[in-house]
Amino acid sequence: MRLSAVQNDRVAGVLVGTAAGDALGAGYEFTKPAADAVIDMIGGGTFNWAPGEWTDDTAMTIAVARALAGGADVETREGFDAVAAEFLRWYDTQPKDIGNQTRAVLAHRPSTANEMVWHAKQLGNAKQGNGSLMRTSAIALDYLDDARGCSDAAAAVSRLTHPAPEAVDACRIWSSAIRYAVLHGSFDGVRKAAAHTSDPGYWLRLLDQAENGRPEDFSNNGWVVHALQTAWWAITTADASSPRHLQDALELCVRAGSDTDTTAATAGGLLGARWGASAVPARWRRIMHGYPGMDANDLVRVAMRIAFDGGADERGWPLADTIDYAGFSTDRLAVHPHDEGVILSGAAHYDRAAVDAVISLCRVGAKPIAAEHIQFWLVDSGKDRNANIEFVLDDAARTINELRREGKRVLVHCVEGKSRTPAVAARYAKLLGRDPRDVLRVMPWARPNPALWNAATR
Ligand SMILES: [Mg+2]
């Protein structure tokens, strides 16, 4: 299905949002942070996570995502087996954090999806843990053109380990809502999906309670119902008037306590689908990592591969190792007028400049580079194609500042260094209290998009 630039950002946000919530909550699992505690991606917690490290919630989401990105169709026996096989592949790495119900099923090492479903059924419906809800976000990416298929695939993947009707319905609701948010940029899909479950009255009452209640009303959030309610409470309680909503709602999940990584991972999938990957601050994306040796940039590529159904754009993104910008003037190079440690360039330099960190403002290849690599979702256009234009320009400028404080030499680039790069450089000049127009003096070739330039220099 053909997606707009803003919808692509939201596709990418599904996995990045899930992982951001997970990595934020990981350090607070099974606790209730004090009211004055600063919530950040600190790591630690029960399993001594590294700062930015994601847990089993994201690992299992990635297991689903890898199967889907490989072309698995959950409705076929082969495709369903591929998801089950990815669960075992993860299980065999002996993860330090694994839910009880999931462990009880995977310990049998079932060789097919149907065998996995059978073992899950033997455990009965009493448990109703949140272990399938936490990993349900990726399903939406494979069913953007098929609402019914999305709901049914979410149900099927839940049944691999969590067959209780509450768990299955929660997955149907959440994956459907994520699908809706990617397409339409709103949270309305939650209630729409609840109205399509086998017991709409039950779920709509629970959503009402979440919107009007307090975390204490649904504090047993290891239970799938309370986990969904906590996530929905956070999303509907935080100020939703700007992309800051994503960070604020995730923080509320953590403040609600208990199974903080899972409630925040759950909320994060929907928040990322609504606001886009561009709403996840670089401060977090720089340190996010985890199974199977992935970082935030990798999550974007996996999500795009599912949504693009194995296809790519006209230059090979997101599949190609290097993106061919032949025909563009990619060789330009300048030094920031107010900071000689910041190089401004076109795409020809990004993988070979002698710098400590590279900030990419355009699509780049999958091949890793030697420097720290931070990618921003910025289109050479105005608000119509950049959902979070001010937020992203600000985030990029702040990130340059942070890297410079760390003593790092930074290269900032887009394709030609003509529009996005001068805009971000201007924003950085403003942050330093200097005249942003000086950027145009050192980059005489610059022709910044007026909307971008205005947003950067306002
Ligand atoms: Mg976890």
Side-chain angles (χ1 to χ4, degrees), residues 14-33 39-66 86-107 127-138 157-158 160-162 167 170-171 174 219-231 234 249-272 284 287-294 296 299:
V14 171
L15 296 186
V16 179
T18 299
D22 185 8
L24 185 71
Y28 306 88
E29 198 181 7
F30 310 129
T31 70
K32 167 96 178 146
I39 304 298
D40 211 346
M41 236 174 235
I42 52 171
T46 325
F47 297 97
N48 198 24
W49 304 103
E53 188 177 8
W54 58 67
T55 80
D56 55 334
D57 307 52
T58 305
M60 293 198 83
T61 305
I62 291 171
V64 175
R66 286 175 111 185
E86 285 290 348
F87 283 175
L88 276 188
R89 183 173 171 181
W90 164 72
Y91 177 75
D92 286 342
T93 65
Q94 299 176 313
K96 51 184 174 180
D97 187 12
I98 177 168
N100 293 334
Q101 172 120 1
T102 299
R103 185 197 301 277
V105 174
L106 298 187
K127 284 270 193 277
Q128 303 169 11
N130 60 24
S132 60
L133 176 64
M134 72 183 195
R135 64 172 193 237
T136 204
S137 62
V157 172
S158 179
L160 283 170
T161 54
H162 290 67
C171 289
W174 214 250
S219 61
N220 180 27
N221 58 35
W223 180 33
V224 64
V225 169
H226 279 188
L228 186 147
Q229 285 186 292
T230 301
L250 293 181
E251 182 176 327
L252 283 183
C253 284
V254 175
R255 292 202 181 279
S258 296
D259 204 352
T260 49
D261 55 327
T262 294
T263 57
T266 301
L270 182 55
L271 287 158
W284 288 352
I287 59 170
M288 283 164 52
H289 68 283
Y291 174 89
M294 285 188 177
L299 294 180

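When a ligand or atom number is given, it counts from 1 through the structure's own listing order.
Residues Arg135 and Phe87 come closest through the heavy atom pair NE-CZ, 3.4 Å.
Nearest to the Mg ion (ligand 1), among the N, O or S atoms that Asp261 has, is OD2.
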Worksheet item: Can Thr61 and Thr18 be said to form a side-chain hydrogen bond (donor to acceptor under 3.5 Å, both in side chains), step by step?
Response: CA-CA 8 Å; Thr61 305; Thr18 299; 5.4 Å; no

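With 2.8 Å as the limit, Asp56 counts as an N, O or S neighbour of the Mg ion (ligand 1). None of the N, O or S atoms belonging to Met134 lies under 2.8 Å away from the Mg ion (ligand 1).
Around the Mg ion (ligand 1), the angle linking Asp97 (OD2) with Asp57 (OD1) is 150°, rounded to 10 degrees.
Atom OH of Tyr91 sits about 6.5 Å away from atom CG of Leu106, to the nearest 0.5 Å.
Using bins of under 30°, 30° to 60° and over 60° for the plane-to-plane angle, the ring pair Trp54/His289 lands in the tilted bin.
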